[in-house]
2 protein chains.
Amino acid sequence: MKIGVFVVDDHYMVIEGIRSLLQNEKTLDWMGHATNAESCLSFLKLYEPDVILMDVNLPDKSGIDLCKEVKQLYPAIAVLGLSTFNQQAIIKNMMDNGALGYVLKNATKEELMEAIISVQKGKVYYSLEVLNSLRKPTPNQLLITRREKEVLLLIAEGLTNAEISEKLFISIPTVNTHRKSLLEKFEAKNTAMLISKATKLGSV
Amino acid sequence: MKIGVFVVDDHYMVIEGIRSLLQNEKTLDWMGHATNAESCLSFLKLYEPDVILMDVNLPDKSGIDLCKEVKQLYPAIAVLGLSTFNQQAIIKNMMDNGALGYVLKNATKEELMEAIISVQKGKVYYSLEVLNSLRKPTPNQLLITRREKEVLLLIAEGLTNAEISEKLFISIPTVNTHRKSLLEKFEAKNTAMLISKATKLGSV
DNA sequence: TAAAAAATCATCTTTTTTAATGATTACGTC
DNA sequence: GACGTAATCATTAAAAAAGATGATTTTTTA
């Protein structure tokens with residue numbers, strides 16, 4: 001019984017690369033590809049692959065959202081996250097939304113095969129690099145509260161404390177408190193460093 | 001006479017994708033690939049391809065810098081920029097540093113072939129999407145000067161004006177001037193927005 | 001080489017952020 | 001129901017950034 005594989009990625013070269021890597025694998029059945037979330041969902045109405053390789057950055061919606069939808073509609077399909085970035089926040093998000101594994105786009109053929117076979121069996125798979133990055137002592141970035149995240153986003157948009165307080169219906173001192181805990185949690189010296197770190201970690 | 005093609009990209013899947021797309025083209029000679037700038041330069045010491053497909057994001061240095069170096073050392077080689085992003089700033093930068101063309105990673109085989117043939121003949125090539133984006137009214141982001149970029153980087157690292165002035169051996173008012181022009185050019189209301197925009201545009 | 005652009009410095013004012021401390025209320029979990 | 005965390009608000013002061021204007025010296029580039 002072959003493993004049906006489907007790929008969703010907005011870059012044709014990447015799709016072609018994966019197809020080329022996997023084309024001689026007799027245990028796999030290349031079911032096709034989609035370059036956006038919509039056509040992926042259309043495909044799934046007609047066919048049910050065993051494994052979907054899913055890029056986290058898609059033109060119409062994020063891979064994270066698509067992953068969630070796919071898992072709700074077709075729980076049997078194993079989703080394997082795929083991206084160029086090695087960022088805890090994104091990976092964690094992807095896994096929380098039903099992905100069974102995560103590989104980077106510089107993965108070798110062997111890694112990719114191992115990942116596909118693993119998730120098809122229902123086993124979790126992370127590529128080596130992803131594992132290493134997840135092993136790093138978790139900085140406090142993951143522990144941002146809901147409110148702090150709201151404030152962070154507004155700061156990044158360029159709002160001042162006064163504007164944020166108005167928008168969130170809280171007092172300026174409160175905004176300041178959140179601001180201070182954000183600086184602490186991100187180990188940032190000031191706003192610039194905060195936004196810089198937060199953006200790179202995918203929190204913004 | 002075949003066109004010698006070399007690819008520099010840090011993602012194995014992309015390399016494989018390009019190779020697969022081009023493998024049946026009899027007019028091309030696949031000379032190999034590199035996954036970072038260093039090994040690209042090593043390769044060029046031994047062989048001279050006609051065209052290099054060069055990703056703008058490399059692990060060891062930016063494709064923009066690599067492009068500059070390659071053109072200095074081997075002016076005859078045509079460099080074709082390659083990336084997932086369609087951003088004027090990056091494209092312009094790449095072209096200013098000697099690239100003859102620019103295609104996105106979702107290019108089709110036909111586009112890619114046309115691009116390679118064009119730049120090999122010394123003709124400029126932009127993919128359709130790139131052309132469209134270049135036609136848009138240019139925001140001022142492209143015009144960041146060398147000094148402004150230095151200041152921007154230090155701001156993002158969390159340095160204050162005083163610290164920056166010390167580091168760059170300039171006065172605090174001067175740092176302030178650069179800071180203000182950065183805010184203008186990025187159309188940012190404050191530091192937070194500046195760093196946010198700059199990071200997303202790849203300037204940091 | 002002349003014009004344009006970049007880089008430099010200055011002064012002064014206002015706004016915003018950061019720091020330091022302390023405290024109350026709400027909420028979910030064990 | 002106790003406990004910890006999150007969320008809220010307050011006061012005061014110092015540091016930093018932002019805004020407005022003007023001006024000189026290098027560099028680049030047409």
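Every value quoted in this text rests on a predicted model; they were computed, and no experiment measured them. Throughout, a chain's letter reflects where its sequence line sits, starting with A, and its residues are numbered from 1. Computed over heavy atoms, backbone and side chain alike; hydrogens, waters and symmetry mates excluded.
In this structure, B:R179 places its CZ atom 8 Å from C1' of D:dA16, rounding to the nearest Å. Put simply, CD1 on B:I155 is 15 Å from P on C:dT17, counting in whole angstrom units. Between A:E184 atom CD and D:dT5 atom P the separation is 14 Å, expressed in whole Å. If you take CG of B:L182 and P of D:dA17, they are 13 Å apart, rounded to a whole angstrom. Atom-to-atom, CG of A:L183 to P of C:dT16 comes out at 18 Å; the value is rounded to the nearest Å. Put simply, CD1 on B:I164 is 12 Å from P on C:dT8, counting in whole angstrom units. Protein atom CG of A:L194 is 18 Å distant from nucleotide atom P of C:dT16, rounded to whole Å. We find that CG of B:N190 is positioned 10 Å from P of C:dT18, with the value rounded to whole Å.
Considering only side-chain N and O atoms, B:N161 lies under 4.0 angstrom from the phosphate OP1 or OP2 of D:dA17. One finds a side-chain N or O of A:H178 lying less than 4.0 angstrom from the OP1 or OP2 phosphate oxygen of D:dT8. Look at A:R146 and you won't find any side-chain N or O under 4.0 angstrom from OP1 or OP2 of D:dA6. The phosphate of C:dT8 has OP1 or OP2 within less than 4.0 Å of a side-chain N or O from B:R147.
B:E148 and B:S181 share a donor-acceptor pair across their side chains, judged by distance under 3.5 Å alone. A donor-acceptor contact closer than 3.5 angstrom is absent between the side chains of A:R147 and A:T174.
Using a 4.0 Å cut-off between a side-chain N of Lys or Arg and a carboxylate O of Asp or Glu, B:K109 and A:E16 do not qualify as a salt bridge. Salt-bridge check for B:K105 with A:D10: failed, with every basic side-chain N at 4.0 Å or more from each acidic carboxylate O.
Looking at A:T199, its side chain does come within 3.5 Å of a backbone N or O of A:I195 through a donor-acceptor pair. In this structure, B:K197 contributes its side chain and B:E187 its backbone to a donor-acceptor pair below 3.5 Å.
Listed nucleotides C:dA19, C:dA7, D:dC9 differ in distance to A:T177; the shortest reach to its side chain belongs to D:dC9. The side chain of A:K180 has C:dT21 as its nearest neighbour among C:dT21, D:dC9, C:dA6. Comparing atom distances between the A:T160 side chain and each of C:dT16, D:dA18, C:dA19 picks out C:dT16 as nearest. Which of D:dA18, C:dA7, D:dC9 sits closest to the side chain of A:I170 comes down to D:dC9.
Across all strands, B:S181 comes closer than 4.0 Å to no nucleic acid atom at all (heavy-atom distances). In this structure, A:N176 reaches the bases: a heavy-atom distance under 4.0 Å links it to at least one base atom across the strands shown. Residue B:T174 is in base contact, counting any heavy-atom pair closer than 4.0 Å across all strands shown.
Taking a pair to require two hydrogen-bonding distances under 3.5 Å in either a Watson-Crick or a G-U wobble arrangement, D:dA30 pairs with C:dT1.
Place B:F169 and A:K189 on DNA chain C by their nearest nucleotides, and B:F169 ends up nearer the 5' end.
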